[in-house]
Protein chains: 2
Amino acid sequence: MSLRHAALGLLADGPASGYDLLKTFDRSLAFIWPATQSQLYGELNRLADDGLIEVSNEGPRGRKDYSITEQGRAELERWITDVEPDRIRRNEALLRVFFLGTVGPAHAKAYLEREATVHEDLEALLQTVERDTDWDTSDFNRYGHLVIESGRRYAHGQAQWAHWAATQVDNLETTEAPAQTR
Amino acid sequence: MSLRHAALGLLADGPASGYDLLKTFDRSLAFIWPATQSQLYGELNRLADDGLIEVSNEGPRGRKDYSITEQGRAELERWITDVEPDRIRRNEALLRVFFLGTVGPAHAKAYLEREATVHEDLEALLQTVERDTDWDTSDFNRYGHLVIESGRRYAHGQAQWAHWAATQVDNLETTEAPAQTR
DNA sequence: CGACGACCTGTCATATCTGACATGTCAGAG
DNA sequence: CTCTGACATGTCAGATATGACAGGTCGTCG
């Protein structure tokens with residue numbers, strides 16, 4: 001249900017069409033809240049039906065510019081200040097770590113080092129984005145900058161962790177009787 | 001589709017019933033890959049249909065103990081070593097940060113400080129778990145310990161970040177002309 | 001003027017997830 | 001012997017998400 005509020009939040013910064021939103025989306029929110037084109041368009045229609053946004057202008061090629069309504073602004077504020085966020089953090093890469101004992105130490109270490117690399121790459125990417133973006137153009141960008149920084153720290157931390165975890169593998173595997181092959 | 005492999009991974013450590021798995025699940029994987037009871041039972045039946053696990057024993061109250069098959073073990077290994085994990089990381093709390101400009105500096109700071117507290121609490125919880133658990137009882141536990149450590153570091157980092165972000169709010173809001181109320 | 005690429009919105013089948021509900025069994029306490 | 005709580009598996013409606021497909025428009029470059 002968060003896509004609803006993501007769209008609302010995007011429109012709080014100014015009117016835009018579904019097409020516009022989709023592009024903004026892919027460059028920002030998609031990292032933290034992926035959604036497909038079909039989902040977004042559907043959600044916009046529902047938001048309009050519920051009076052949280054409205055079509056403020058119609059352009060060529062069937063373009064519809066949406067604007068947030070007073071009601072929509074109120075709902076967005078309510079969502080941010082009064083609704084406790086879901087703390088669900090699905091992580092497939094971390095899920096696999098639980099089962100690393102089944103593939104043997106060599107594979108386990110390789111897996112963890114790969115995780116380190118992936119997160120180092122991510123950190124580098126975010127650093128580049130951080131450097132090359134002009135953040136001071138809108139509230140959305142200014143606060144988006146904070147999110148990027150969060151991601152950068154996360155990537156850095158996970159990379160560190162993965163390196164450390166890789167060094168732990170040998171300890172883990174030799175603690176028990178080494179003949180315990182299964 | 002990962003629940004499938006989560007169940008498979010759990011069974012790689014030894015036979016268990018759906019009921020058993022559910023309990024293990026809630027105490028471990030659920031933090032990183034939540035699933036409901038109905039999902040698990042359904043998946044077990046599908047896994048059995050596909051020959052990746054089999055009913056190795058039937059007990060009272062309709063209890064069915066499942067064991068992983070050779071085929072299942074192979075599939076688990078393939079999944080861990082050959083399949084690139086999804087890097088999707090949905091985070092509703094972070095999503096809201098993008099829109100903090102719409103609620104004003106006071107609410108924004110409150111939100112971020114609340115995030116700090118939540119993550120500090122999480123860190124404390126994970127520290128307790130880390131201290132009070134005997135990790136050396138199975139491969140699953142040994143590697144699970146690494147995951148807990150990852151979570152602990154994550155929580156710590158996010159808390160730090162949130163405190164820092166809260167201090168940034170005033171900077172962000174005063175950069176632009178202060179009269180920009182919208 | 002024709003083709004191409006960007007623009008723009010939508011539907012649909014399939015899969016997955018969630019939460020509630022249904023159904024029944026067994027062991028042990030009182 | 002009855003009640004209670006843990007044990008144990010399953011179905012189902014409704015909401016969401018995914019990815020493919022469909023259909024059409026406008027500007028501009030050659």
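Scope of the values below: all heavy atoms of this structure, side chains included, with no hydrogens, waters or symmetry mates.
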*With clusters built from Ile, Leu, Val, Met, Phe, Trp and Tyr whose side-chain heavy atoms come within less than 4.5 Å, directly or transitively, what are the remaining members of the cluster of A:Tyr154, listed by chain and number?*
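Same cluster as A:Tyr154: B:Tyr154.
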
Before accepting this row, confirm whether a basic side-chain N of the pair [X]/[Y] lies closer than 4.0 Å to the acidic partner's carboxylate O.
X	Y	value
A:Asp139	A:Arg142	yes
A:Arg73	A:Glu77	no
B:Glu92	A:Arg90	no

Answer whether the closest heavy-atom distance between the side chains of [X] and [Y] falls below 4.5 Å.
X	Y	result
A:His107	B:Ile80	no
B:Leu112	B:Leu100	yes
B:Leu29	A:Phe99	yes

*asked:* Tell me which residues in residues 38-49 of chain A lie within less than 4.0 Å of DNA chain D, going by non-hydrogen atoms.
replied: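 Under 4.0 Å from DNA chain D: A:Ser38, A:Gln39.
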
*asked:* Using a 4.0 Å cut-off on heavy atoms, which residues in residues 60-68 of chain A reach DNA chain D? List them by number, or say none.
replied: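 Hits under 4.0 Å, by residue number: A:Pro60, A:Arg61.
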
*Extract, from 5' to 3' on DNA chain C, the first and final nucleotides lying under 4.0 angstrom from some heavy atom of chain A.*
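Listing 5' to 3', DNA chain C meets chain A from C:dA6 to C:dT18.
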
*For A:Trp33, which residues count as a ring-ring contact (aromatic ring centres under 6.0 Å, His included) partner, sequence neighbours excluded?*
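Scan of A:Trp33 (ring-ring contact (aromatic ring centres under 6.0 Å, His included), adjacent residues dropped) gives none.
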
*B:Ile88 or B:Gly18: which one's nearest nucleotide on DNA chain D is closer to the 5' end?*
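First, find each residue's nearest nucleotide; the 5'-ward one identifies B:Gly18.
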
*Can you list the residues that meet the side chain to side chain donor-acceptor pair (under 3.5 Å) rule with B:Tyr143, with sequence neighbours excluded?*
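Scan of B:Tyr143 (side chain to side chain donor-acceptor pair (under 3.5 Å), adjacent residues dropped) gives A:Glu173.
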
_Please check this pair: side chain of B:His156 against backbone of B:Arg152, looking for a donor-acceptor N/O pair closer than 3.5 Å._
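Between the backbone of B:Arg152 and the side chain of B:His156 there is no qualifying donor-acceptor contact (under 3.5 Å).
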
*Heavy atoms under 4.0 Å, any strand shown: does A:Arg4 hit a base, just sugar-phosphate, or nothing?*
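Result for A:Arg4 = nothing.
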
